[in-house]
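The structure appears below as structure tokens.
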Amino acid sequence: MAAPQTVLRISSRNYSSWSMRGFLLLRLSGLPFRVVVASPDDPSTRAELLNNSSSILLPCLEQDGGIEIWDTLGIAEHLNETVPEARLLPENRIARARCRAISGEMHAGFHALRSSLPFNVRARIPGFTVWSAARADLERIFWLWRDCLEQWGGPWLFGARPTVADAMYAPVVLRCRSYGVALDAACERYAQMIEAWPDVREWVAAALAEPEQQIAELELDAEF
């Protein structure tokens with residue numbers, strides 16, 4: 001029987017942290033897939049990119065048989081069940097529960113960080129002021145990183161291999177680089193591990209190559 005055809009529909013490599021998470025999750029699964037980029041002229045896509053949408057429908061994983069999953073955590077759980085040998089979640093029961101917990105926290109929280117430091121891979125903004133609400137979000141994230149790295153020994157959040165949690169938090173590293181956020185030694189080591197991840201490097205290269213006209217149009221409305 002032929003393997004199901006897998007497609008990941010995304011909105012933008014440069015502006016969509018959720019699309020990046022979906023891409024990394026699929027790469028962790030080992031499934032072959034192709035990426036389809038939605039038109040930035042589509043009103044719903046544009047609303048998502050500018051944080052003006054009540055629901056995030058991209059990225060969306062599509063497979064034969066009518067499978068369509070647009071929630072990032074839903075994608076993660078589906079892939080974990082479909083390809084258990086890929087070990088997207090830690091083998092240890094306690095680590096697995098913690099991985100789900102911090103992934104869910106990223107999925108549902110940190111709204112001040114999202115609105116104050118919009119995801120923009122290309123951006124480099126020296127001297128950017130991070131206000132108190134976004135700073136509190138960052139401090140919580142950095143505490144989570146340090147706690148996981150200490151408990152499970154690194155270099156990834158849950159040990160020797162990347163998991164769902166690393167895919168969920170990888171865009172935060174790129175946000176920190178865009179806005180010049182200083183990291184302590186442990187978080188900086190983790191950030192460098194994320195940046196060296198071949199799949200992250202591929203994503204960044206593709207983001208930098210996105211058409212300039214598309215990027216310029218979106219940046220006019222982005223709230224910095």
Side-chain angles (χ1 to χ4, degrees), residues 6 8 10 13-14 16-31 33 35 56 59 61 69 71-110 113-114 117 119 121 137-178 181 183-207:
T6 301
L8 181 70
I10 68 172
R13 290 180 173 88
N14 189 66
S16 175
S17 61
W18 294 112
S19 293
M20 180 181 177
R21 292 179 178 104
F23 175 83
L24 292 176
L25 289 168
L26 267 166
R27 279 297 176 83
L28 284 175
S29 78
L31 290 176
F33 68 98
V35 174
I56 302 297
L61 182 151
I69 305 169
D71 179 87
T72 310
L73 283 185
I75 292 172
E77 291 292 347
H78 172 72
L79 292 173
N80 184 61
E81 292 181 2
T82 304
V83 197
E85 64 272 17
R87 292 186 288 171
L88 272 72
L89 293 170
E91 293 184 68
N92 176 273
R93 179 175 59 85
I94 301 301
R96 191 163 60 250
R98 180 66 64 84
C99 181
R100 283 191 167 105
I102 72 169
S103 296
E105 187 170 351
M106 169 52 69
H107 186 268
F110 306 120
L113 176 64
R114 299 186 207 286
L117 282 71
F119 189 72
V121 177
D137 281 354
L138 285 169
E139 289 175 356
R140 170 62 180 172
I141 289 169
F142 298 157
W143 183 89
L144 290 172
W145 290 358
R146 290 191 298 268
D147 183 59
C148 287
L149 293 168
E150 181 179 349
Q151 287 198 53
W152 284 281
W156 303 94
L157 292 177
F158 291 93
R161 56 186 295 143
T163 65
V164 169
D166 298 289
M168 294 297 289
Y169 282 87
V172 176
V173 171
L174 301 190
R175 272 189 163 95
C176 289
R177 298 313 196 207
S178 292
V181 176
L183 306 178
D184 60 45
C187 291
E188 177 62 31
R189 285 192 297 272
Y190 177 67
Q192 291 180 15
M193 172 70 68
I194 291 292
E195 289 178 303
W197 190 355
D199 297 326
V200 169
R201 293 171 65 89
E202 179 182 339
W203 182 270
V204 169

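The model shown is predicted, which means the values in this text are computed figures rather than measured ones.
- Side-chain contact between T163 and W156 is absent, with no heavy atoms from C-beta onward closer than 4.5 Å.
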#### Entry: CA sep, side-chain torsions, deciding dist, call: F119, R114, side-chain contact (heavy atoms from CB on, under 4.5 Å)
CA-CA 7 Å; F119 189 72; R114 299 186 207 286; over 6 Å; no

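- Checked by atom type and distance alone, the side chain of Y169 pairs as donor or acceptor with a backbone atom of I102 at under 3.5 Å.
- Screening L73, L31, T72 for a side-chain contact (heavy atoms from CB on, under 4.5 Å) with L25, the sole residue that qualifies is T72.
- Residues E91 and R96 share a closest heavy-atom pair of O-NH1, 2.7 Å.
- No donor-acceptor pair closer than 3.5 Å links the side chain of W152 to the backbone N or O of L157.
- From R98, atom CZ reaches atom CG of D147 across 5.0 Å, with rounding to the nearest 0.5 Å.
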### Task
Would you please test R13 and V35 for side-chain contact (heavy atoms from CB on, under 4.5 Å) and show each step?
CA-CA 11 Å; R13 290 180 173 88; V35 174; 3.5 Å; yes

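- Between P162 and L28, the closest side-chain pair of non-hydrogen atoms falls below 4.5 Å.
- By the 4.5 Å heavy-atom criterion applied to side chains, F110 and E105 are counted as neighbours.
- Summarising the geometry of I75 relative to P59, their closest heavy-atom pair is CD1-O, 4.1 Å, with the distance given to 0.1 Å.
- Side-chain contact between V173 and V200 is absent, with no heavy-atom pair separated by less than 4.5 Å.
- M168 approaches S103 most closely through the heavy-atom pair CE-O, 3.6 Å.
- Salt-bridge check for E188 with R177: passed, with a basic side-chain N closer than 4.0 Å to an acidic carboxylate O.
- Looking at M20 and L174, their side chains come closer than 4.5 Å, going by heavy atoms from C-beta outward.
- Put simply, CG on L149 and CD on Q151 are 10.5 Å apart, with the number rounded to the nearest 0.5 Å.
- We find the CH2-CD1 distance between W145 and I194 to be 7.5 Å, quoted to the nearest 0.5 Å.
- Between the CG atom in L183 and the CZ atom in R146 there is a gap of 10.0 Å [rounded to 0.5 Å].
- Residues I10 and F23 fail the side-chain proximity criterion, which asks for heavy atoms closer than 4.5 Å.
- With a 4.5 Å cut-off on side-chain heavy atoms, L89 and R100 count as touching.
- Within the 3.5 Å criterion, the main-chain N or O of L26 finds a donor-acceptor partner in the side chain of S29.
- Between the side chain of R161 and the backbone N or O of L88, no donor-acceptor pair lies under 3.5 Å.
- Remark: L138 CG to C187 SG distance equals 10.0 Å, nearest 0.5 Å.
- With values rounded to the nearest 0.5 angstrom, I69 atom CD1 is found 4.0 Å from H78 atom NE2.
- C176 approaches F142 most closely through the heavy-atom pair SG-CZ, 4.0 Å.
- Using modelled atom types, no side-chain atom of R201 and backbone atom of A196 make a donor-acceptor pair closer than 3.5 Å.
- The aromatic rings of W18 and H107 stand perpendicular to each other, their planes meeting at an angle above 60°, with 30° marking the opposite boundary.
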